[in-house]
Amino acid sequence: MTDCYKYFTTPIYYANGTPHAGHVYATILASILKTHYEQRGAKVKFLTGLDEHGEAVETKAKELNKSPQQLVDEMAVLWKNEFARFEINNDIFIRTTDKDHIKNVQNILNYCYKKGDIYFGEHEGYYCYKCEGYLTNSERDENNNCLVHKIPTELRKEKNYFFKTSKYREQLKDLIAKGQITHQERYINELLGMLENLDSDLSISRPKSRLSWGVELPFDSEHVAYVWFDALPNYVTGIGGIEKAHSSAYWQNAHHILGKDILKFHGIFWPAMCLSLDIPLPKLLITGWILQDSHKMSKSLGNGINVEQILHFGRDTFVNYFFRATNPGEDIEFSWKSYLERYNSDLANGIGNLLSRTLTMVEKYFANKIPKFAHNLLLEEQKEIGIACKNAVKNVQIAFDEFRIADVMNEIWSLISLTDKHIAQQKPWDIAKKNEAESQLQLANIIASSIAVLRVAGYLAYPFFPKKMNELLQSIGEDTSDFSHSYARAQEFFAIQSEFSLKEIPKLYARLDIAAEMLKMKPANESASVKPEAKKIIKVDNKKEASVENPNIIPIQDFAKVQMHVGTVLSAEYVEGSEKLLRLIVSLGTLGERQIFSGIREWVKPEEIANRKVIIVSNLAPRKMKFGMSEGMMLATDTADGKVSPIYLPENLKEGALLT
C-alpha cells in the first residue's frame, strides 16, 4: 500500500458551541483510520476544523457582545486545545475564515456560475436556523418544527442565488443507487428518498442586508454565500483548492465522515456541486447518533456527554465503548453503567490483565527475560493461536477497508480471550513446579504464545489506543520509534523479542469500582429529596396475596402462544382516507412478506421506518380492514415526549429470527 493515498475528513464543526461526544466520536474515527492506513504504508491526510460563517455564529456573537471574528478566533483556540487532549492527529485544521478558503469558495462560485449552474430567483420556505437551511415537508413535523433540533422553523421569503441541483437529479439518483456516494445500504435508501422529496434547487446566498457575516459572492457584492456553500468546499481547500482537486490522488480517495443529520447536504447538494465542478465524487462514511434512553443526546435535553466527563474516565474508555458498540452508521445506545462495565471487561480485566499476568510469569519463572519458543514442543492449541492471529491480521485489514470498525475490535478482543482461556487450561503455575527440562520448555511456550498475542494485539489496537499500546509494545521489547509501516510486523506471530530483559511491568488499566463511580454521579441532593416519611416498608400478607392478584396477569402457556419475529420494513406509505394508518410491507425472511396496517401515521413518516428492523407478531389472525387485509402486528411503544415509536432493532439481527 506504499503508493496508496487516503484523505479523511470530519464535518467542520459550528464555531458557536463547544465539543461534545458526537464531535469526539467522528474526529477520533478519522484519527483511527489515519493511523491504521499509515501503519500499512499509505500516504494519508486528515482534515478537521471549524465552520465559522453564517447566521448562528453572528447571532451568538451578538449575544456575547463580541464581533464574529473575535468569537471564532477564541473558539478555534478552544477546539484545537480540546482535540489535543484527545490525541487527535489531524494534518489540517481548517477555518472557513482562512484567506485561502475564502479564495477557493469564490473560485468555486465563479466556476459554477460561468457553467450556468447558478441563477437568481425568489424562494419561500420554512427555515431552521440551527440547520442553516430550508426544510422540506418530510423534515418538519405537523407544527413546522425541525425534526432534528425540535425547534420551530421560520417562514421566509427572499430573493437569492440558486444552485441547479435539479439539473443533476437523475445523475445523482444513478450514482446513489450504485453505491458510488456511500456503500452503506441504509443510507443509500435514505438518500434516494430525500432526492425524491427534493422540491427546489439549493438557495446559495443571503442578502447582506440580512446577513453580512460570510463570503462575498464574486459576481454580486450585495450577497454573501449561504453557509453550506461556504462550508462544503472546505474539503477541497484542504487539498489545495479546486485546481488540485481535478488531479489530486488524495481527492480521488477522499472519504467524508459525517453524522446522519447532515446527510442531505453531503449526500445530495455536495455531490451535485462536485459534478458541476467536474471533480471526482468523494465517498461518505455516515455515523449514527449517540442515544441515551432512546433519545439523541443534546444540550437542550440535558442528556449529553461533555468533554470533561469523557476525559474523567479516559479517552480509551470512550474509544473502547463507542467503537466496539457497533459499526459506524448505527445509533449507539449509551448508559454510564454499561460504559464502565465495558472498560473493566475489555481494558482492565482484558488486555491490561493479560499483559500484567504474562509479564509477572516472565519475571517469576524466567528471571525477567522473555523465553524462546520451543517449536518442537508446540501444542496444537498454541499452533491454533498462531493461526488465529494471522487470520485476525487479515480480517482486521478487510474490516478496516470496509469501515467495519466494531468488527476490527472484536477480532482483537477475541485473541485476548483465546489467550486467557489457554493460560487457564494449561495452568502454567502447576507446570512451573516440575523440574524436568521438557516442562520448562512447555512453560516457555505458554508464556511465549501469550507474549506473541500481546505483540500482535498491540500493533492491531494501536490506532485505537496509541499511548497504551506503545507502552505495551515497549514493555515486551518492540521498537516503537516508527509506526508508519508497522502493520506488517503483526503478521509475524513468532517474532517476539526473546531474551529481552523486562524493565518494568506496566499497569495499563486500573480496575474501576463501578458501584462507587455510579454513586459519585448521582446528584448531590438526590438522597435528600426523599423525605423520611416516604420511606415506608410495605408488608405483604402471603395469605391475602391472591385477593389482590392483577387481573391482567396471564399464565406462561398463554404467552408462549405469541410468536414474535424480526422483520424488515420493505416499504411504507400513507393510507389514503385514513389519518392514523401507515401501510407497511414487511419481510420476515423465510416466512415471506406481510402487509400490516399500523396506526402510527401521526408520529412516524414513511421514510423514517423504511428499511428498519422491527418486531412483528407473526401469528396474529389476519384482520380484514377497510383498506385491505392486515397480516400481523408491529410492536410500538410510548416515548418520553408523549409520542409513539416502533421498537427498532439493531441492523445485524437476522431477518425472520424468532424473539424468545
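What you see is a predicted model, and the numbers here were worked out from it, not measured in a lab.
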(request) Look at the side chain of Ser31 and the backbone N and O of Thr27, then say whether any donor-acceptor pair between them is shorter than 3.5 Å. (result)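 Checking the backbone N and O of Thr27 against the side chain of Ser31, no donor-acceptor pair under 3.5 Å is found.
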
(message) Under a 3.5 Å distance rule, please check whether Lys34 uses its side chain to pair with a backbone N or O of Asn89 as donor and acceptor.
(response)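 Indeed, once roles are kept as given, a pair shorter than 3.5 Å links the two residues.
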
(message) If the condition is side chain to side chain donor-acceptor pair (under 3.5 Å), which residues does Asp316 pass it with, not counting sequence neighbours?
(response)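 By the side chain to side chain donor-acceptor pair (under 3.5 Å) rule, Asp316 matches Tyr509.
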
(request) Could you pull out all residues at least two apart from Arg85 that satisfy side chain to side chain donor-acceptor pair (under 3.5 Å)? (result)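 Once residues adjacent in sequence are excluded, the partners of Arg85 under the side chain to side chain donor-acceptor pair (under 3.5 Å) criterion are Glu82, Glu308.
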
Nearest atoms (heavy-atom pairs only) where [X] meets [Y]:
{"X": "Ile405", "Y": "Asn327", "result": "N-OD1, 3.1 Å"}
{"X": "Lys383", "Y": "Leu378", "result": "CE-O, 3.9 Å"}
{"X": "Asn90", "Y": "Ile92", "result": "ND2-O, 3.3 Å"}
{"X": "Tyr7", "Y": "Gly238", "result": "OH-CA, 3.6 Å"}
{"X": "Val393", "Y": "Ala490", "result": "CG2-O, 3.4 Å"}

Parallel, tilted or perpendicular: which one describes the rings of [X] and [Y], with boundaries at 30° and 60°?
{"X": "Tyr25", "Y": "Phe323", "value": "parallel"}
{"X": "His36", "Y": "Phe400", "value": "parallel"}
{"X": "Trp336", "Y": "Tyr339", "value": "perpendicular"}

(message) I'd like to know if the side chain of Thr480 pairs up with that of Glu478 as donor and acceptor (distance under 3.5 Å, no hydrogens or angles considered).
(response)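 Checked: Thr480/Glu478 side chains show no N/O donor-acceptor pair below 3.5 Å.
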
(request) Under the salt bridge (Lys or Arg N to Asp or Glu O under 4.0 Å) rule, collect the residues that match up with Lys372, sequence neighbours excluded. (result)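 Residues passing salt bridge (Lys or Arg N to Asp or Glu O under 4.0 Å) with Lys372: none at all.
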
(message) Can you list everything that forms a salt bridge (Lys or Arg N to Asp or Glu O under 4.0 Å) with Glu608? Sequence neighbours excluded, please.
(response)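 Glu608 satisfies salt bridge (Lys or Arg N to Asp or Glu O under 4.0 Å) with no residue once adjacent residues are dropped.
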
(message) Evaluate Ile398 against Glu402 for side chain to side chain contact (heavy atoms under 4.5 Å, CB included), listing each step before the verdict.
(response) CA-CA 6 Å; Ile398 294 169; Glu402 296 175 356; 3.8 Å; yes

(message) Taking side chain to side chain contact (heavy atoms under 4.5 Å, CB included) as the criterion, tell me which of Val408, Thr35, Asn320 meets it with Phe464.
(response)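 By the side chain to side chain contact (heavy atoms under 4.5 Å, CB included) criterion, Phe464 pairs with just one of Val408, Thr35, Asn320: Val408.
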
(message) Please tell me whether His256 and Phe8 form a close aromatic pair, meaning their ring centres lie under 6.0 Å apart.
(response)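 Not under 6.0 Å, so no.
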
(message) Is any side-chain heavy atom of Thr637 closer than 4.5 Å to one of Val644?
(response)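 No, too far: nothing below the 4.5 Å cut-off.
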
(message) Restricting to side chain to side chain contact (heavy atoms under 4.5 Å, CB included), what partner residues turn up for Pro466, sequence neighbours left out?
(response)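 Listed in chain order: Glu87, Arg315, Tyr462.
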
(message) By the salt bridge (charged side-chain N to carboxylate O under 4.0 Å, His left out) test, which pairs, at least two apart or in different chains, include something from residues 487-499?
(response)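 Counting only pairs at least two positions apart or across chains, the salt bridge (charged side-chain N to carboxylate O under 4.0 Å, His left out) contacts touching residues 487-499 are Arg455-Glu492.
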
(message) Just verifying a value: how many Å separate Leu347 CG and Leu508 CG, rounded to the nearest 0.5 Å?
(response)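 Taking CG in Leu347 and CG in Leu508, the distance rounds to 9.0 Å.
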
